[in-house]
Number of protein chains: 4
Amino acid sequence: MGYARPIRLGMVGGGAGAFIGDVHRIASRIDGDFDLIAGALSSTADRAQASGRALGLAPDRIYDDFKVMAMREARLKDGIEAVTIVTPNHMHFPAAREFLKRGIHVICDKPLSSNLRDAKKLLEAAEKSNALFVLTHNYTGYPMVRQAREMVSKGDIGDIRVVQAEYPQDWLTEAEELQDNKQAEWRTDPARSGVGGSIGDIGTHAFNLLSFVTGLETESLAADLQSFVPGRRLDDNAHTMLRFEGGARGMLWSSQVAPGNENALRLRVYGSKGGLEWAQEDPNYLWYTPFGEAKRLITRGGVAANSVAARVSRTPGGHPEGYLEGFANIYAEAAKAIRGRQAGQKTDPEVVYPTVYDGVRGVAFIEACVASSNRNAAWVKF
Amino acid sequence: MGYARPIRLGMVGGGAGAFIGDVHRIASRIDGDFDLIAGALSSTADRAQASGRALGLAPDRIYDDFKVMAMREARLKDGIEAVTIVTPNHMHFPAAREFLKRGIHVICDKPLSSNLRDAKKLLEAAEKSNALFVLTHNYTGYPMVRQAREMVSKGDIGDIRVVQAEYPQDWLTEAEELQDNKQAEWRTDPARSGVGGSIGDIGTHAFNLLSFVTGLETESLAADLQSFVPGRRLDDNAHTMLRFEGGARGMLWSSQVAPGNENALRLRVYGSKGGLEWAQEDPNYLWYTPFGEAKRLITRGGVAANSVAARVSRTPGGHPEGYLEGFANIYAEAAKAIRGRQAGQKTDPEVVYPTVYDGVRGVAFIEACVASSNRNAAWVKF
Amino acid sequence: MGYARPIRLGMVGGGAGAFIGDVHRIASRIDGDFDLIAGALSSTADRAQASGRALGLAPDRIYDDFKVMAMREARLKDGIEAVTIVTPNHMHFPAAREFLKRGIHVICDKPLSSNLRDAKKLLEAAEKSNALFVLTHNYTGYPMVRQAREMVSKGDIGDIRVVQAEYPQDWLTEAEELQDNKQAEWRTDPARSGVGGSIGDIGTHAFNLLSFVTGLETESLAADLQSFVPGRRLDDNAHTMLRFEGGARGMLWSSQVAPGNENALRLRVYGSKGGLEWAQEDPNYLWYTPFGEAKRLITRGGVAANSVAARVSRTPGGHPEGYLEGFANIYAEAAKAIRGRQAGQKTDPEVVYPTVYDGVRGVAFIEACVASSNRNAAWVKF
Amino acid sequence: MGYARPIRLGMVGGGAGAFIGDVHRIASRIDGDFDLIAGALSSTADRAQASGRALGLAPDRIYDDFKVMAMREARLKDGIEAVTIVTPNHMHFPAAREFLKRGIHVICDKPLSSNLRDAKKLLEAAEKSNALFVLTHNYTGYPMVRQAREMVSKGDIGDIRVVQAEYPQDWLTEAEELQDNKQAEWRTDPARSGVGGSIGDIGTHAFNLLSFVTGLETESLAADLQSFVPGRRLDDNAHTMLRFEGGARGMLWSSQVAPGNENALRLRVYGSKGGLEWAQEDPNYLWYTPFGEAKRLITRGGVAANSVAARVSRTPGGHPEGYLEGFANIYAEAAKAIRGRQAGQKTDPEVVYPTVYDGVRGVAFIEACVASSNRNAAWVKF
């Protein structure tokens, strides 16, 4: 990993205090593939400057307007080659568009946008651009998730019948958005987040994960969304039933009001020949249960890890990797794809990252859930 | 526990080879409260005799017709005082009726009956009778389930918002019913089981458990039932969304085609102040997660077990109790209720067991799930 | 199981309030193999009477002197055929002797005696007697322990190299013996317990378990015993290193002052080809780790359980069995052995229970540990 | 974290294929505190060049002799400010000496040296130097380890009585050193590793960890070392009993022949008021068991994490951090200490990292274990 010249990176959003900005910066550094040299870290001039200086950016590479940044960086000889977008959801589209049209590769936080209209425009922009678009559905970066996907694809569990996905958290159990918690404020604000609350913030992750691992196409869904905390404007709990093409069925639960659950994304897949179970909070383990045999615990880096998992592992078994390493794998894949593109090569088929198409599907999922819930959880075609 | 004169017990069904017959017999013996002295263990004369003799029953107390047994035992001076019914579902009603009308207490396996019509007739029979009717929803006998119920009722987790119940198994992953497996045969046969497959056999357990612990009344439900194994006549997987009176919501999953799951009944309940999680396969543990505090692991017999749990525990913490002890607790409660009734006393309020009303609710649940599924998972009032 | 005429059983010790008395009574009842009809439950006449009556014993079968009981029961036509001895340790030998010499089978709690001298006399008495002597090292009754032993014996883990045994508890973390806790009083009293505290009460269990599973003979040991609670007269924590014949090595830790540990007996065995791990508090699971392959979780009653485990299981996988069922397996084996003896047959080789020889080894282990500790943890031949 | 000018870093050892070199490089990058600009990555000129170029080092900053590197870099205006030493053990001392005497800060892998003589000379060199010496006992960097240490120090578990430390692995179960495995070769070679095998490679980690968390000083120890694999020249399994000043006792087990254990470092500490348990493979969890209360699961980043843990955490609860983040915390502490030293400030007391003194203690521990084992596990003063 790493060792080639680092790719020059910019960032939009992610000023001081934004959890996800730090995560992206660390993820971009782990393998030495990127060098953060410019940023529009805030749209407030003062905060933009303070955040940029704290990060050691050169003063003339600190912006408070992503459009200005895109224009100027595109003209600089040593301008950024890629940009990370970590703003609230509603700004993903306008920001991404500016960079894509100038040929600057975009690494964008999920969900793709705050509504399907923007998502489709962004898709169009991405298709027109020479630049790559990478969506950080970071949970697909975990080695054991990659292993599960490969095992499903090789038929290890037979034909898939049942998918159980869940993503409970508890941080919005009380009305955190009224307590001056910026994270809670924008994530419960339809203007900035879109129509989805828990279903948009984390339900999409679960949906993306199950699609990634199983390869199943969703045919229709029925969703029952709730806002349990008085005054909350978006759902904080969502129950969804899924029907997949080919006949498999699923359930998906997202919640931000389930006390005791920190970030408990979990996927279970059952087929005619076996099952697989994975939990994000213990990501180095994958349970594999071939029907009629003892359960097996596959460990990242361990004897039963396959080459697909090994490719995105940095340490041997028993040396746990976590959230940041999984996130860094998306950056590592992005770097490989960008370098391949720069070298005029076809992308290596083993390089895998979430694309703008996954992003559109994710926003469509959110809107379908809300539409279903508004119609008393009727089945909605996907 | 125990130490009073054992109650004279009979049994209908449960001949050699029937798993559940052995379970009831052990459960009835553990505390020394019952003495099995008569049985119509099979409707086939030869099997009835062989099974009865193997159990050490006196030859004149072995029957091959439960009606004859009910009539004769009711007349004997030392006739049975109670009877256990462990036949396939469709025989629960006719058998129970015979004993109830002769004042013999009935301990009956779940579900109450194979259809709601029979369930209601059985309810009527039970209401008319002097005898008690106890339904062996055995999972309510586990000490940590009792503890959870008490904690919910005392408000430890606040107002309930979300209930997640699941009961996956894997033993019907393949077409076991074609392999000369008697258990599989009758459980997948509508004539003997009723309209529910997995939803009737185990979904009712999950439904009973969540109702028992939370005290919530179900308002409506939407269910999506599947038969994944070719040729299977009843559902082997069921996805259900629940709405409770007062606004709480739930999901319930039952499956008999989820490889790696032996008998994985699990309940999670989340309220405005905390959460509770319990898994049947590790029944001595109860997770309690008060919002804003570290998770706590409450153990059966341990320092944080409450008096309700202690009342139905036989051993100290760290000496695991299991399925049979939980089952035996239903028998122990039945014995207390029967002795109280015999002594003309009011039933002690701390004595708790599943009743015919729970049984009717269970059958109504099965039929509502099937009705919903038949209408494309539309919401059905409960 | 069961179904033959119950064996007539008596009990010495185990009056009201004695935890272990209840455990033995339940264990003897689970399979219907024994019928408790006589008892010298206490040496205090009043308590003996009260306890006997509470258990429903006939008044003339209640004794306050085990010697009188042994003499009289031996003469009765329907006298007891077997007796359970659950007194404090120092009374095991005198009580057992009385019954053995009258041909009454003895089921005796562990450790065999409070000192090696008594143990050897008891051995002699057992060898002279026609009656059987069964020691309730109950943890050998667990199905997954039996499975482990069979796997070791078949060579599944190759040549054993390392054994890690531990048995921590926490109930004596404070000076419980000064708080009117009878259990704590006699277990910390050298006159009643012998020279071992934690090493005698629970260390012997761990030692018996490791010997049972591995089949290894202990060559020598070095032990470092401590009494952490001020004023305590026996060890409450013991660290032991073991050397086995053939070169394997082990560690054994027993403690009654390890907060958070209820009854955490645990055994891990590693050989040249694989490993096995088992924990008493989660007894339905056995980890098997063949070197170079994924870890496997073997479950009691599950697909990978062997016939040796199945033979002593009562329920299918996922229906957890616990401490009482494991204990009952010792009684079930005792019943089989007694019936075989009564029928004049050779004991079936699959019938396995701890014998007086195991008991002597256990007491020798205790004394060796104390001797080593007294000599600054020098190696002591075993 | 980070954001100041990166510290210029060099590396000795860690050429292509060396697992630990990659680990150090990633750890040094995570927070952006260091910039690797020079290296003597191998003593073989070709390998040194190839490895240096692969890492993007400038050609004139690639060396094949650490002495030359130390001399030249010390003279350069933009020479390295710190160096990481990741050679086999016997080279730690000569390499560290060169840099220390030129005022270049040293970050050195453990154990400190291959023998106590070198360790003491290195101590002397470190004491004489203006430069800092940081030993990468990386497991002390885990947030939950820091939390445990703080809890012990605040008296949360009372006076410590018992310490159980273990570090089993399985990668040397077979004679890997004969299979052209470089890692196995030098780690089983006395000339390069010193007198300790498993006890030196991983036992020291366990010893360092227990000392770090408990603050206990070891008074004496008795060790029983084994080499189970035929032909192996150093121990591959070690059993140790420990006595601490003040009366606490401990056991420490290290093994590289325990199948199923990847890197299973684990620490359990029990005091008069409670217990703490931590396992390296699941590092985001800390069990806390106050005596007489329910067990509590403290999570990294969670509600019960203290400020000492939060200080070294990068992500919120439920976003698992792992081995690399723990390792990076040692680098982050080193960066803080180096910058403080450069600024002429006293080191912030909250900055904690393993020192040369810990290193000397570690080597003394290894030699004491070997000495004890050579004298039939006699007690050896520490």
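By convention in this document, chain letters (A, B, ...) are assigned in the order of the sequence lines, proteins followed by strands, and residues within each chain are numbered from 1.
Nearest approach of F228(B) to R161(A), heavy atoms of both residues: CZ-O, 3.1 Å. Closest heavy-atom contact between V257(B) and Y270(A): O-CB, 4.2 Å. Heavy atoms only, all atoms of each residue included: D224(A) and R243(B) are closest at OD1-NH2, 2.8 Å. Between L225(B) and R249(A), the shortest heavy-atom contact is O-NH1, 4.4 Å. In this structure, P259(B) and G275(A) approach most closely via the heavy-atom pair CB-N, 3.9 Å.
Between R268(B) and E166(A) there is a salt bridge, since at least one side-chain N of the basic residue sits less than 4.0 Å from a carboxylate O of the acidic one.
Between the side chain of W379(B) and the main chain of N376(A), a donor-acceptor pair closer than 3.5 Å is present.
Looking at S272(A), the atoms closer than 4.5 Å to chain B (heavy atoms on both sides) all sit in the backbone: N, CA, C or O. For a residue to count as touching a neighbouring chain, one of its non-hydrogen atoms must lie under 4.5 Å from one of that chain's; by this rule D170(A) touches chain B with backbone and side chain alike. In this structure, chain B has no heavy atom under 4.5 Å from any part of D159(A). Looking at E277(A), only its side chain comes within 4.5 Å of chain B, counting heavy atoms on both sides. Of the atoms belonging to I160(B), not a single heavy atom falls under 4.5 Å from chain A.
Comparing E293(B), E174(B), K273(B) by heavy-atom pairs within less than 4.5 Å of chain A, the highest count is held by E174(B). The candidate with the highest count of non-hydrogen atom pairs below 4.5 Å against chain B, out of P290(A), A258(A), G292(A), is A258(A). Each of A377(A), A222(A), P168(A) has some count of heavy-atom pairs under 4.5 Å with chain B, and the biggest count is that of A377(A). For the set N237(A), V162(A), I157(A), the count of heavy-atom pairs under 4.5 angstrom toward chain B peaks at V162(A).
Going from atom CD of Q164(B) over to atom NE2 of H239(A) covers 4.5 Å, rounded to the nearest 0.5 Å.
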